[in-house]
Participant: 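Here it is, the structure, as structure tokens.
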Amino acid sequence: YTPITRVNDAPVQVRDPYTGKAWEPKNFEKAGFDGAITLRQALTRSKNTVSVRLIEAVGPDAGIALASRAGIHGALPQNLTLALGTGEVSALELCNAYTTLADQGRQADPLLVVRVADASGKVLEEHRAAPEQALSPAVAFLTTSLMRSVVEEGTATQVQELERPAAGKTGTANEYRDAWFAGYTTHLVATAWVGFDDHQPIGPGETGGRAALPLWL
């Protein structure tokens, strides 16, 4: 699969092999479906049906393995709902995974304390990141390119106010329970999340682009 691979944006129904219940993922847009579109177009416009079909094709385990290499170590669902972000990830994990993409596929554990010095300036403790190549530079480059399209013509065009190169992705949970925006410029990576600790909805229309992106900016 490449950014120009075409996948069908059309109604899809998945039957849970354990419960036998049918699941029909919907797109956020209410204007219907667009048929065969490229993966770049699908990510730019947050097409859920395409994401589900892609995870169905490559398998959830492949997606989970890639996320782990990027720096997400929490438990993720081994089913097709993975495509819609049903696994819970901390802001730190998400930011660290985006850092891997921004750093050409090199991954390192996040550092909360970089340096400790006494009143005279003597360094008592110092820590440095030790990144290792976890993803191929080509994968990191193409993923960044895809997320630049999100900024340039998709759900995060407000980022253009920065007037500098940037890449990122909006995220909106079911029933508006969480709103996300994670992204990076050439020097900084940041993640913004809006939501309640008890998972109550934050309000109708409070999407990642509306609630979280302004905070990120």
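Scope of the values below: all heavy atoms of this structure, side chains included, with no hydrogens, waters or symmetry mates.
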Participant: Which atom names give the shortest non-hydrogen contact between Trp23 and Val52, and what distance separates them?
Facilitator: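 What the structure gives for the nearest pair is CH2-CG2, 3.8 Å.
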Participant: Would you say that Pro25 contacts Leu84 through its side chain, given a criterion of any heavy-atom pair below 4.5 Å between the two side chains?
Facilitator: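 Result yes, sub-4.5 Å side-chain heavy-atom pair found.
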Participant: Could you walk me through whether Gln41 and Ser149 satisfy the side chain to side chain contact (heavy atoms under 4.5 Å, CB included) test, starting with their C-alpha distance in whole Å, then the side-chain angles of each, then the deciding distance to 0.1 Å, before giving a yes or no?
Facilitator: CA-CA 8 Å; Gln41 292 170 319; Ser149 292; over 6 Å; no
Participant: Are Trp193 and Met147 connected in a single hydrophobic cluster, I mean Ile/Leu/Val/Met/Phe/Trp/Tyr linked by side-chain heavy atoms less than 4.5 Å apart?
Facilitator: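 Yes; Trp193 is reachable from Met147 via cluster members.
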Participant: Is the shortest side-chain heavy-atom distance between Asp178 and Thr172 below 4.5 Å?
Facilitator: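 The answer is no; the side chains never approach within 4.5 Å.
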Participant: Could I get the full list of side-chain contact (heavy atoms from CB on, under 4.5 Å) partners for Pro60, not counting sequence neighbours?
Facilitator: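 Per chain and number, Pro60 pairs via side-chain contact (heavy atoms from CB on, under 4.5 Å) with Ile55, Leu80, Leu82.
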Participant: Does Glu126 CD have over 12 foreign heavy atoms under 6.0 Å away?
Facilitator: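 Atom CD in Glu126 is crowded, with more than 12 foreign heavy atoms closer than 6.0 Å.
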Participant: If I compare all heavy atoms of Ala192 with all of Leu215, which pair ends up nearest, and what's the gap?
Facilitator: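 So the minimum-distance heavy-atom pair works out to CB-CB, 4.3 Å.
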Participant: Could you report the tightest heavy-atom contact between Ala212 and Val194, atom names first, then the distance?
Facilitator: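 Result for this residue pair: CA-CG2, 4.0 Å.
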Participant: How about Val50 and Leu39: do any of their side-chain heavy atoms sit closer than 4.5 Å?
Facilitator: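 The answer is yes; the side chains approach within 4.5 Å.
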Participant: Could Arg45 and Asp9 be called an ion pair, given the rule that one side-chain N must be under 4.0 Å from one carboxylate O?
Facilitator: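 No, no charged N to carboxylate O under 4.0 Å.
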Participant: Tell me whether Arg53 contacts the main-chain N or O of Ala10 through its side chain, where contact means a donor paired with an acceptor under 3.5 Å.
Facilitator: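 At least one qualifying donor-acceptor pair exists.
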Participant: Applying side chain to side chain donor-acceptor pair (under 3.5 Å) as the test, list every pair that has at least one member in residues 198-211; sequence neighbours left out.
Facilitator: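 Every side chain to side chain donor-acceptor pair (under 3.5 Å) pair that includes a residue of residues 198-211, provided the two are not neighbours, is Glu88-His199.
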Participant: Listed by chain and number, what are the salt bridge (Lys or Arg N to Asp or Glu O under 4.0 Å) partners of Glu152, not counting sequence neighbours?
Facilitator: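 Per chain and number, Glu152 pairs via salt bridge (Lys or Arg N to Asp or Glu O under 4.0 Å) with Arg148.
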Participant: By the side chain to side chain donor-acceptor pair (under 3.5 Å) test, which pairs, at least two apart or in different chains, include something from residues 61-79?
Facilitator: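 Every pair satisfying side chain to side chain donor-acceptor pair (under 3.5 Å) with a residue in residues 61-79: Asp61-Gln78, Asn79-Thr81.
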Participant: Would you say the side chain of Thr155 lies within less than 4.5 Å of the side chain of Val150, judging by non-hydrogen atoms?
Facilitator: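 In short, these two side chains touch, coming nearer than 4.5 Å.
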Participant: Taking atom CG of Leu66 and atom CD1 of Ile64, what is their separation to the nearest 0.5 Å?
Facilitator: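 These two atoms lie 11.0 Å from each other.
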Participant: Counting heavy atoms not belonging to Gln13, are there more than 12 under 6.0 Å from its CD?
Facilitator: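 Counting neighbours around CD of Gln13, more than 12 heavy atoms of other residues, nucleotides or ligands fall under 6.0 Å, so yes.
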Participant: Going by the rule salt bridge (Lys or Arg N to Asp or Glu O under 4.0 Å), which residues pair with Glu175 if we only count those two or more places apart in sequence or in a different chain?
Facilitator: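 Only Arg177 meet the salt bridge (Lys or Arg N to Asp or Glu O under 4.0 Å) criterion with Glu175.
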Participant: Could you work out, with side-chain contact (heavy atoms from CB on, under 4.5 Å) as the rule, every residue matching Asp118, not counting sequence neighbours?
Facilitator: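 Listed in chain order: Ser120, Lys122, Leu124.
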Participant: Calculate, to the nearest 0.5 Å, the distance between atoms CG and CG belonging to Leu112 and Leu92 respectively.
Facilitator: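 CG of Leu92 is found 6.5 Å from CG of Leu112.
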Participant: Between Pro201 and Phe196, what is the shortest heavy-atom contact and its length?
Facilitator: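 Nearest heavy atoms, Pro201 then Phe196: O-CE1, 3.6 Å.
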Participant: What is the minimum heavy-atom distance between Thr170 and Gly208, and which atoms define it?
Facilitator: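 Distance-wise, the nearest heavy atoms are CG2-C, 4.2 Å.
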Participant: Under the side-chain contact (heavy atoms from CB on, under 4.5 Å) test, which residues partner Ala108, sequence neighbours left out?
Facilitator: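 Expected list: Ala129, Pro131.
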Participant: May I ask you to list the residues sharing a hydrophobic cluster with Val159, side-chain cutoff 4.5 Å, ordered by chain and number?
Facilitator: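 The other cluster members (ILVMFWY side chains, heavy atoms under 4.5 Å, direct or chained) are Val151, Leu162, Phe181, Leu213, Trp216, Leu217.
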Participant: Do any side-chain atoms of residues 133-146 form donor-acceptor pairs under 3.5 angstrom with protein atoms, and if so which ones, sequence neighbours left out?
Facilitator:
from	atom 1	to	atom 2	distance (Å)
Gln133	NE2	Gln104	O	2.8
Gln133	NE2	Leu135	O	2.8
Ser136	OG	Val139	N	3.1
Thr143	OG1	Val139	O	2.8
Thr144	OG1	Ala140	O	2.9
Thr144	OG1	Tyr184	OH	2.6
Ser145	OG	Arg40	NH1	3.3
Ser145	OG	Arg40	NH2	3.0

Participant: Are any side-chain N or O atoms of Arg6 and backbone N or O atoms of Ala36, one a donor and one an acceptor, separated by less than 3.5 Å?
Facilitator: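 Here the side-chain-to-backbone pair exists.
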Participant: So how far is it from Ser51 OG to Leu43 CG, rounded to the nearest 0.5 Å?
Facilitator: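 Atom-to-atom, Ser51:OG and Leu43:CG are 7.0 Å apart.
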Participant: What residues form a salt bridge (Lys or Arg N to Asp or Glu O under 4.0 Å) with Glu24, not counting sequence neighbours?
Facilitator: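 Only Lys26 meet the salt bridge (Lys or Arg N to Asp or Glu O under 4.0 Å) criterion with Glu24.
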Participant: Would you compute the distance between atom OG1 of Thr49 and atom CZ of Phe33 and round it to the nearest 0.5 angstrom?
Facilitator: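 These two atoms lie 6.0 Å from each other.
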Participant: So, for Val89 and Trp180, which heavy atoms are closest and what is the spacing to 0.1 Å?
Facilitator: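 Distance-wise, the nearest heavy atoms are O-CH2, 3.6 Å.
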Participant: Kindly write out the residues that satisfy side-chain contact (heavy atoms from CB on, under 4.5 Å) with Glu125, not counting sequence neighbours, or none if the list is empty.
Facilitator: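 Scan of Glu125 (side-chain contact (heavy atoms from CB on, under 4.5 Å), adjacent residues dropped) gives Val116, His127.
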Participant: Keeping to residues at least two apart or across chains, list the side chain to side chain donor-acceptor pair (under 3.5 Å) pairs with something in residues 93-102.
Facilitator: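 Pairs touching residues 93-102 that pass the test: none.
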